[in-house]
Number of protein chains: 2
Amino acid sequence: MPKLTFYNLPKEKQQLLIEAAQQEFSNASLSEVSIANIVKTAGISRGSFYQYFEGKEDLYFYLLNRYTARRKRLFKATLEKNSGDLFQTIREFYISTVNEDELLDFKRNVLLNMTEQVETKFIKIVNEEESEEEFNTISRLMDVDKLNVSGNKELYHLLKILMTVTIRNWIEHFARNLAVEESIANYELELELLKKGLARS
Amino acid sequence: MPKLTFYNLPKEKQQLLIEAAQQEFSNASLSEVSIANIVKTAGISRGSFYQYFEGKEDLYFYLLNRYTARRKRLFKATLEKNSGDLFQTIREFYISTVNEDELLDFKRNVLLNMTEQVETKFIKIVNEEESEEEFNTISRLMDVDKLNVSGNKELYHLLKILMTVTIRNWIEHFARNLAVEESIANYELELELLKKGLARS
DNA sequence: GTGGACATGTGACACAGTGTCATGTTAAGC
DNA sequence: GCTTAACATGACACTGTGTCACATGTCCAC
């Protein structure tokens, strides 16, 4: 988390820094990005940077949190719009995800260099395990009757599977430079497989 | 890939370097590892290192390849032993995976810092997309009748889903420091969900 | 055995990036 | 205007990288 000094900054200066950072993180992965470049682009001194953030990881996860928080709101709204239909929701969510062209290079870099720490952040979009409350909020929004699960534990694992497959498709979208339509078609195929089951009965 | 000079080295010296490298990569992630440390442990000079490898990534992927090649052989053997039963095979494969305690810290570091480039290597254990031949060899070994798919395309996506979920469980095993039994129980639960389908019919 | 030619080994070096800290600047309260 | 605390700055010591001119080893022709 950024330090207090960062939040004390005038909004415009915060925004400037955020934009500079997003630009740098669009051109390189976390380990390749240099603080030297960020401060140069943002027009602040090296020392100031360390007044605001612990280091570049701190800034990186701050940006990531901003992004996932927005996505999470969209997910909840979509779920409500679809009266709790999880599969319809996650399908629409994926389509809007691959169509969104804001911060494209930033997302590419994040996804192609995603580690467990980062992936956990994304999975928490639907599955805020750490807070029982959040999990309950979302599972109350969902129409559980349509899902082939009994109990919260199975529900939790179902969500984990869905998010894992979703993220992996999103990563592949970038890794293999898939066209939006192809990426969606692949994802829908996998969703159908997941819904109907992988084993022949 | 290592340079020719590395393969020209006497086997014992190769082994020494490999062991030194595995030790370093057990203590730190790819981006944190220092060549200085590797050469110190291996007792060679910095210059020599660059005669053998392009850089530390080169060495890292060399080690990774050695490991995944062994795993791949095991997977094929298990599949044959189980007369092509994919679910039984992957279940046994996962159990042997989390029970194997060789190179434990190395695997932890690899998994917790897995990027798309690394994950692709692992997924290719069953799904060597680049070589049509490999894919056919493996799909011939499998008893496809037990799987709820029609055609190679669906089969490909089924395998992708299975590997994705398997790897994610393996990562979580390390990330959350799960006991072997708990990890296996979680995985089996997810396998059953996958087999029977996520949607209620 | 000597010379030469080629392969391999070596560590000093220039360079790039990090995090810190002593010192300078600003602004608000009184 | 003075005080004080918060913020800004860039030089600095440190750590690590990849390279290169030179040293050493190896092998074969003569």
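Only this structure's heavy atoms are used, side chains among them; waters, hydrogens and symmetry mates stay out.
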Write down the protein N/O and nucleotide N/O pairs, taken from nucleotides 27-29 of chain C, whose separation is under 3.5 Å; answer none if there are no such pairs.
none

**Prompt:** Yes or no on salt bridge (charged side-chain N to carboxylate O under 4.0 Å, His left out) for A/R168 and A/E190, after CA distance, side-chain angles and deciding distance?
**Reply:** CA-CA 11 Å; A/R168 181 70 206 171; A/E190 293 190 10; over 6 Å; no
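- Remark: side-chain polar atoms of B/Q22 are not paired, donor with acceptor, to backbone N or O of B/E19 under 3.5 angstrom.
- A donor atom on one side chain and an acceptor atom on the other are found under 3.5 Å apart for B/S183 and B/Y94.
- One interatomic measurement links the two molecules: CD1 of A/I35 to P of D/dC14, which rounds to 19 Å at whole-angstrom precision.
- One can place CD of A/E57 at 16 Å from P of C/dG17, the figure rounded to the nearest angstrom.
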**Asked** What is the per-nucleotide protein-contact pattern of nucleotides 5-10 of chain C, from the 5' end, where B denotes a base atom under 4.0 Å from a protein heavy atom, S denotes such proximity for sugar-phosphate atoms only, and - denotes neither?
**Response** ---SBB
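- In this structure, A/W170 has its ring center closer than 6.0 angstrom to the ring center of A/F122.
- Taking the six-membered ring for Trp and the full ring otherwise, the centers of A/F106 and A/Y67 sit at least 6.0 Å from each other.
- Nucleic acid contact class of B/V39 (heavy atoms, under 4.0 Å, all strands): none.
- In this structure a side-chain-to-backbone donor-acceptor pair under 3.5 Å is missing from B/E24 to B/V33.
- Between A/F6 and A/F53, the ring planes are tilted. Angles from 30° to 60° get that label.
- Atom pair A/E32:CD and D/dG16:P shows a separation of 19 Å (rounding to whole Å applied).
- Remark: P of D/dT19 and CZ of B/F53 are 16 Å apart, rounded to the nearest angstrom.
- Contact check on A/E102 versus A/K107 returns no salt bridge, with no Lys/Arg side-chain nitrogen under 4.0 Å from an Asp/Glu carboxylate oxygen.
- A salt bridge links B/E172 with A/K160; the closest basic N to acidic carboxylate O contact falls under 4.0 Å.
- Using a cut-off of 4.0 Å between Lys/Arg side-chain N and Asp/Glu carboxylate O, A/E192 and A/R91 are scored as not salt-bridged.
- The CG-C1' distance, from B/L59 to D/dT17, rounds to 15 Å in whole Å.
- In the region residues 15-27 of chain B, proximity to DNA chain D at under 4.0 angstrom, judged on heavy atoms, holds for none of the residues.
- The distance from atom OH of B/Y50 to atom C1' of C/dA12 is 15 Å, rounded to the nearest whole Å.
- Distance OH (A/Y7) to C1' (D/dC7): 18 Å, rounded to an integer number of Å.
- A salt bridge is defined here as a Lys NZ or Arg NE, NH1 or NH2 lying under 4.0 Å from an Asp or Glu carboxylate O, and A/D145 with B/R200 fails to meet this definition.
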